[in-house]
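Heads up: the structure comes next, in structure tokens.
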Amino acid sequence: MAATPLVLYNTLSRTKEQFVPLKAPFVGLYVCGPTVYGDPHLGHARPAITFDLLYRYLGSKGYRVRYVRNITDVGHLENDADEGEDKITKKARLEQLEPMEVAHHYTERYHDAMRELNVLTPSIEPRASGHIIEQIELTREILKKGFAYESNGSVYFDVEAYDKKYHYGKLSGRVLEDMLSNTRTLDGQSDKRNPFDFALWKKAAPEHIMRWPSPWSEGFPGWHLECSAMSTRYLGEQFDIHGGGMDLMFPHHECEIAQSTAASGHDAARYWVHNNMITINGQKMGKSLGNFITLEQLLSGDHPLLEQPYSAMTIRFFILQAHYRSTLDFSNEALQGAEKGYERLMKAVALLPKLKPANTSTTDISAYRTRFQAAMDDDLNSPVLIAELFDAVKLINQVYDNHQTLTQKDIEELTQQVTFYVTEILGLRNDLQTDNHQTLTKVMDLVLDIRNTAKTNKDWTTSDQIRDGLTKAGIQVKDRKDGTDWELE
RNA sequence: GGUCUGAUGGCCGAGUGGCUAGGCACAGCUCUGCAAAAGCUGCUACAGCGGUUCGAGUCCGCUUCAGACCUCCA
């Protein structure tokens with residue numbers, strides 16, 4: 001496949017760069033996945049869909065992508081880094097469950113949501129708890145290189161030592177000295193030498209359930225270590241793209257860079273790609289802010305802020321209609337707009353097989369291919385791609401209404417291009433006809449209402465026509481004293 | 001306080017110097033028994049103030065406002 005060059009915005013350089021894989025046609029892609037201690041919400045959908053789009057598009061260019069997206073089931077501390085309980089452990093206590101039971105439950109919930117959103121499964125989905133050995137090894141390596149120190153059974157990354165040789169803060173644009181001058185001094189209780197040092201290994205408090213043996217103590221790995229360890233394990237010391245939400249840039253990704261560089265002497269990821277946040281009333285949607293809407297609530301409409309339910313594909317379309325590096329503001333009006341737009345697009349796609357060929361074409365459709373591609377090549381500009389697709393939608397409708405004509409060959413080309421970009425790249429499924437259970441109930445309410453009116457008017461011809469017609473259609477009508485029931489046979 | 005983003009028409013949201021983004025909503029028309037769909041037409045905005053330029057939403061400076069990160073977070 002003759003691939004046109006893809007340009008990606010690299011957070012490291014803060015510019016758009018042409019994407020050149022280390023070892024084409026192979027591409028290594030690592031994306032920070034969810035911490036499984038809560039239901040997936042609208043915010044989780046953003047990176048999942050953003051990197052699904054990237055994964056799909058890279059694949060369409062002929063690259064063989066290994067997409068690794070982790071599951072964080074251990075390691076994040078609740079409040080203060082040094083005092084807090086492991087987040088998953090805390091939730092487990094509250095619910096009287098095993099930690100792994102909680103992790104498993106929410107992992108399944110996440111998978112369900114991803115399936116609904118038509119997000120492809122990654123090549124590998126490693127769990128932090130399954131890679132303790134790798135994390136211990138990495139900690140050992142960093143210690144050996146002199147960029148970490150042990151303190152009371154815990155191991156901390158020595159940011160100051162690292163910053164002397166490399167640059168701590170290169171991703172987020174921070175300078176260590178500035179950060180230090182802006183921080184209050186430690187209260188003296190910490191094992192850390194420096195407030196910006198972060199844990200590679202934490203000694204477990206007695207009540208801490210999730211713990212593993214290590215050379216330093218029984219404990220658990222630090223917050224940032226898992227991604228470094230697992231990306232190295234599955235993609236190598238150097239790989240192509242590291243993705244995640246912008247909120248992870250600091251400290252999480254910064255620390256990942258420091259860990260990898262400290263251990264191996266060079267950067268691990270070459271392109272850092274960050275998706276922006278979904279906001280609600282202009283504020284970031286987040287668990288800690290308590291203003292998030294779960295995906296389940298979006299699908300059911302069961303949330304004070306929701307005027308109606310929204311389908312998974314509406315949500316996907318809503319997200320794709322904004323560029324991944326822009327904030328995207330939630331509102332009912334915006335979702336409803338997305339719902340209509342999605343319907344318009346899918347209706348036109350459904351119309352494609354019905355187009356009748358003509359001897360000549362009144363429009364040159366050869367440009368669509370390059371325009372679709374150009375939009376995606378430009379840093380995954382899905383909004384522009386969608387705008388281009390709507391241009392094709394108009395053409396499809398015009399041809400259907402005999403306002404324009406296309407040859408058989410052009411119809412085939414148009415069909416191929418449009419359906420490819422809509423279903424394979426944007427990953428939009430046609431869900432317009434699938435939500436039939438609710439629809440059938442509403443239709444039956446209506447039909448039986450008409451029949452009851454007829455019965456009231458003693459219009460037996462009409463009422464019997466309806467009942468017999470329904471029987472033939474496989475629906476049994478059951479008249480009762482207090483109303484009418486029906487069931488599918 | 002530090003670092004970094006952003007401010008586009010009723011709503012959402014593209015656009016890094018010159019030619020109408022697109023969707024939704026709204027209005028009129030065509031089609032039509034009515035409606036819907038579809039088509040056609042209209043709605044032409046870029047926070048404010050300076051500057052650079054033949055020309056700026058687009059570059060530079062300042063102001064105002066908003067947001068993210070600096071603590072777990074997608």
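Letters go in sequence order (proteins before strands), and every chain restarts at 1.
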Inter-nucleotide C1' distance (B/rG57, B/rA45), Å rounded: 9 Å
Touch class at under 4.0 angstrom, heavy-atom based, for A/Arg325 against every strand present: nothing
Selected nucleotide, minimal atom distance to A/Pro383 side chain, candidates B/rG13, B/rG23, B/rC73: B/rG13
Spacing of the C1' atoms in B/rC12 and B/rC4 (rounded, Å): 25 Å
For atom CZ of A/Phe318 and atom P of B/rC12, their distance in whole Å: 10 Å
Nearest-angstrom distance, P atom, B/rG6 to B/rU16: 12 Å
Nearest-nucleotide pick for A/Phe390, side chain only, options being B/rC11, B/rC69, B/rG22: B/rG22
Parallel, tilted or perpendicular: rings of A/Phe147 and A/Phe157 (30°, 60°): parallel
Nearest-nucleotide pick for A/Lys340, side chain only, options being B/rC24, B/rA14, B/rG39: B/rC24
Flag, side chain of A/His131 to backbone of A/Arg127, donor-acceptor distance under 3.5 Å: yes
B/rA35 and B/rA27, which share atom name P, separated by this distance in whole Å: 14 Å
Atom pair distance, as rounded to whole Å: CD in A/Gln321 and P in B/rA21: 17 Å
B/rA38 pairs with, by Watson-Crick or G-U criteria that keep both distances under 3.5 Å: B/rU30
C1'-based separation of B/rU53 from B/rU58 [nearest Å]: 13 Å
Touch class at under 4.0 angstrom, heavy-atom based, for A/Leu328 against every strand present: sugar-phosphate
P atoms of B/rG28 and B/rG61, separation to the nearest Å: 48 Å
Atom-pair distance (CZ on A/Arg371; P on B/rG22), nearest Å: 11 Å
Heavy-atom donor-acceptor pair, A/Asp364 side chain to A/Ser366 backbone, under 3.5 Å: yes
Separation of the P atoms in B/rC65 and B/rG13, to the nearest angstrom: 23 Å
Salt bridge present between A/Asp191 and A/Lys203 (N-O < 4.0 angstrom): no
Touch class at under 4.0 angstrom, heavy-atom based, for A/Ala334 against every strand present: sugar-phosphate
A/Ser326 side chain near B/rA14 phosphate (N/O to OP1/OP2, under 4.0 Å): yes
Touch class at under 4.0 angstrom, heavy-atom based, for A/Asp391 against every strand present: nothing
Phosphate OP1/OP2 of B/rA14 contacted by A/Asn381 side-chain N/O (<4.0 Å): no
A/His224 and A/Phe198 aromatic centres sub-6.0 Å: yes
Sugar-phosphate, base or nothing in reach of A/Met249, heavy atoms under 4.0 Å: nothing
Phosphate contact (B/rU5 OP1 or OP2) by A/Asn276 side-chain N/O below 4.0 Å: no
B/rC43: pairing nucleotide in any strand, Watson-Crick or G-U under 3.5 angstrom: none
Sugar-phosphate only, base, or nothing, as touched by A/Thr327 at under 4.0 Å among non-hydrogen atoms: sugar-phosphate
Sugar-phosphate only, base, or nothing, as touched by A/Gly173 at under 4.0 Å among non-hydrogen atoms: sugar-phosphate
Inter-nucleotide C1' distance (B/rC29, B/rU63), Å rounded: 47 Å
Partner nucleotide, any strand, of B/rG1 [Watson-Crick/G-U, under 3.5 Å]: B/rC70
Under 3.5 Å side-chain donor-acceptor pair for A/Ser151 and A/Ser154: no
Watson-Crick/G-U partner (both atom distances under 3.5 Å) of B/rG61: B/rC49
Out of B/rC40, B/rG22, B/rC70, whichever nucleotide has its closest atom nearest the side chain of A/Phe196: B/rC70
Sugar-phosphate only, base, or nothing, as touched by A/Lys284 at under 4.0 Å among non-hydrogen atoms: base
Any donor-acceptor pair under 3.5 Å from A/Gln135 side chain to A/Trp201 backbone: no
B/rC11 pairs with, by Watson-Crick or G-U criteria that keep both distances under 3.5 Å: B/rG23
Sugar-phosphate only, base, or nothing, as touched by A/Thr50 at under 4.0 Å among non-hydrogen atoms: nothing
Centroid-centroid distance, A/His253 to A/His274, less than 6.0 Å: yes
Short side-chain N/O contact to B/rC40 OP1/OP2 from A/Gln398, under 4.0 Å: yes
Closest nucleotide among B/rC4, B/rA38, B/rU3 to the A/Asp401 side chain: B/rA38
Out of B/rG22, B/rA68, B/rA37, whichever nucleotide has its closest atom nearest the side chain of A/Lys347: B/rA37
Minimum-distance nucleotide to A/Ala387 side chain [options: B/rC70, B/rA21, B/rC73]: B/rA21
Among B/rA14, B/rG2, B/rG23, the nucleotide that comes nearest once only the side chain of A/Arg344 is considered: B/rG23
